[in-house]
Amino acid sequence: MIIKGVLKKDKKTKNLISRLKSGDIALINHRDLDEIAAMSLIESKVKCVINTEKTISGKYPNRGPLLLLEANIPIFECNNKLIFDQVKEGDLVNLSGDKLIVDDNYFYKCKLLSKKDINKELNKAYLNMEIELDKFIENTLLYAKREKDLVIGKVDIPKINTRIKNKHVLVVVRGSNYKRDLGAIKMYIDEVKPVLIGVDGGADAILEFGYKPDIVIGDMDSVSNRCLKSAKEIIVHAYTDGYAPGLKRIKQLNLKTEVFSSPGTSEDIALLLAYSKNPDLIVAVGTHNSMIDFLEKGRKGMASTFLVRLKVGEKLIDAKGVSKLYKGNLKIKYMVGLGIAALLPIIIVSLMFPPMQELLKLIEIRFKLLLGT
């Protein structure tokens, strides 16, 4: 196998995505490549991925590598971490066998991960699940005691201009299959016109589907400038000590913002914000609600999310996975049936029209002459 292309690199995969073009070779440093990162690489149409970390460490069964293989994107692992300093962005490279050759001058050894290799590592990870689950539960309970104010109500909710009271609210998070699920409820969005809240990169998905987010909320680390400028309101997530990493970026863009200090995740505070404004219903797309979801985000527990869902549960509908419930493919027999049903009234009315009756009579006579009867 020989693969040639322009190399693009970044130790943070989500930062690299915006720079990738079709046919590029992506150099990443991503331990336990997660599903969202893999889907982003697939959408970027890269030729292959080179990872200087363990693509599957065995900590938990991450699905990212399998998704890349299903999309026919080869994955290589390179143990030499100096490659990041020695290879330049934009270098023309080629992969030949187990060698990454840069500008025909020097090379690095790489290992191509086969489907067999990936399944073997995933099987080890499944065996480790019980240990990880035990740790995860302990951490969740530990943090739940610290973050109980999320349920008790001792959280300062920022003021917003967007009217939410008695309306539907759609919260979009950049999670598993979030774009597919958003597409599956497009008819609901068009008919009900809910308030649209995008959590970081989830706001860009709202924009992609032809809508403008009413509110963008989060750390501002995976949302585009274009999306931020189109949003009606911006809320930056801050730590409990008041430090907000995303605030600097918003100020550089000269945009107005509010700050929301909370120990939870950005999607947690999005749900809290919506709930506090007394909506009729909250619909969530792409949310993280399983142990693997949280391990992929690098979190040791889901205390805040568990507590927030306890609080907002009466008004929350989780639309995660809704695209898998029903695939609306019209079968040919149904299309033919619909066509006949639509034409039938036209045919009946036409036959009752005198000129049409005369035309049919002429056609009948013509056939009889042709047949000699």
Closest non-hydrogen atom pair, V216 against A231: CG2-CB, 3.5 Å
Closest approach of K179 to E43 (non-hydrogen atoms, all atoms of both residues): NZ-OE1, 3.2 Å
Sub-4.5 Å side-chain heavy-atom contact between N51 and F76: no
Minimal non-hydrogen separation, L196 against K212, with atom names: CD1-O, 3.8 Å
Partners meeting ring-ring contact (aromatic ring centres under 6.0 Å, His included) with F209 (sequence neighbours left out): none
From CA spacing to verdict: side chain to side chain contact (heavy atoms under 4.5 Å, CB included), L41, L20: CA-CA 8 Å; L41 289 165; L20 288 174; 3.8 Å; yes
Co-membership, hydrophobic cluster, residues V169 and L272, 4.5 Å side-chain: yes
Distance, nearest 0.5 Å, that separates CD of E314 from CG of L281: 11.0 Å
Residue pair P74 / I3, side-chain heavy-atom distance below 4.5 Å: yes
Cationic N near anionic O, under 4.0 Å, E138 to K135: no
With H30, the side chain to side chain donor-acceptor pair (under 3.5 Å) member among T13, D10, N62: T13
Carboxylate-amine/guanidinium contact D214 K232, below 4.0 Å: yes
D24 CG to L16 CG distance, which is reported to the nearest 0.5 Å: 8.5 Å
Salt-bridge criterion met for E233 and K256 (N-O under 4.0 Å): no
Enclosure of N278 CG (heavy-atom neighbours >12, cutoff 6.0 Å): yes
Heavy-atom check, side chain of P158 versus side chain of V259, under 4.5 Å: no
C78 and L100: CA distance, side-chain angles, deciding distance, side chain to side chain contact (heavy atoms under 4.5 Å, CB included) verdict: CA-CA 9 Å; C78 179; L100 171 67; 5.9 Å; no
Closest approach of A274 to P279 (non-hydrogen atoms, all atoms of both residues): O-CD, 3.0 Å
Within-4.5 Å side-chain heavy-atom neighbours: P194 and V283: no
N/O donor-acceptor pair under 3.5 Å between D200 side chain and D219 backbone: yes
Residue pair N29 / T52, side-chain donor-acceptor N/O under 3.5 Å: yes
4.5 Å side-chain heavy-atom contact, I28 and I50: no
Nearest heavy-atom neighbours spanning Y178 and A205: CE1-CB, 3.6 Å
Transitive ILVMFWY side-chain link V173 to L271, under 4.5 Å: yes
Test item: D280 side-chain N/O and H168 main-chain N/O as donor-acceptor pair under 3.5 Å: no
Pair Y108, D98: side-chain N/O donor-acceptor within cut-off below 3.5 Å: no
N177 side chain vs R180 backbone, donor-acceptor pair below 3.5 Å: no
Note: E258-K159 ion pair, threshold 4.0 Å (strictly below): no
F306, CZ: over 12 other non-hydrogen atoms inside 6.0 angstrom: no
F260 side, atom CZ; I160 side, atom CD1 - distance, nearest 0.5 Å: 10.5 Å
Atom pair CG (L228) and CG (L207), whose distance is rounded to the nearest 0.5 Å: 10.0 Å
Main-chain N/O of D117 paired with S114 side-chain donor or acceptor, under 3.5 Å: yes
Side chain to side chain contact (heavy atoms under 4.5 Å, CB included) partner of S262, chosen from T240, L273, I269, V308: I269
Stepwise side chain to side chain donor-acceptor pair (under 3.5 Å) test for R309 and T287: CA-CA 11 Å; R309 284 176 174 267; T287 50; 3.0 Å; yes
Worked check of side chain to side chain contact (heavy atoms under 4.5 Å, CB included) between V236 and M220: CA-CA 7 Å; V236 177; M220 307 299 141; 4.2 Å; yes
CA sep, side-chain torsions, deciding dist, call: V199, T265, side chain to side chain contact (heavy atoms under 4.5 Å, CB included): CA-CA 10 Å; V199 180; T265 66; over 6 Å; no
K14 and D221: CA distance, side-chain angles, deciding distance, salt bridge (Lys or Arg N to Asp or Glu O under 4.0 Å) verdict: CA-CA 9 Å; K14 63 183 177 183; D221 60 350; 2.5 Å; yes
D241 atom CG, neighbour heavy-atom count above 12 within 6.0 Å: yes
Non-hydrogen side-chain atoms of S44 and S22 separated by less than 4.5 Å: no
Polar side chain donor-acceptor pair, E77 to T55, under 3.5 angstrom: yes
Distance, nearest 0.5 Å, that separates CG of D156 from OG of S261: 8.0 Å
Salt-bridge criterion met for D204 and R174 (N-O under 4.0 Å): no
For the student: nearest non-hydrogen atoms of K4 and I25, plus distance: C-CD1, 4.1 Å
Of all pairs that satisfy salt bridge (charged side-chain N to carboxylate O under 4.0 Å, His left out), the ones with a partner from residues 46-57, not counting sequence neighbours: R31-E53
same_hphob_cluster(V192, I189) at 4.5 Å side-chain heavy-atom cutoff: yes
Polar side-chain atom of K9 near backbone of K88 as donor-acceptor pair, under 3.5 Å: no
pair S18-S224: side-chain heavy atoms closer than 4.5 Å: no
Within 6.0 angstrom of L82 CG, more than 12 heavy atoms from elsewhere: yes
Y239 vs P263 side-chain heavy atoms within contact, under 4.5 Å: no
Co-membership, hydrophobic cluster, residues V312 and I215, 4.5 Å side-chain: yes
N/O donor-acceptor pair under 3.5 Å between D91 side chain and V87 backbone: no
Nearest-0.5 Å distance that lies between atom OG in S40 and atom CD in E35: 10.5 Å
I56 with L127, same ILVMFWY side-chain cluster at under 4.5 Å: no
Side chains of K193 and Y211, donor plus acceptor under 3.5 Å: no
Neighbour count >12 (heavy atoms, 6.0 Å) for atom CD, Q252: yes
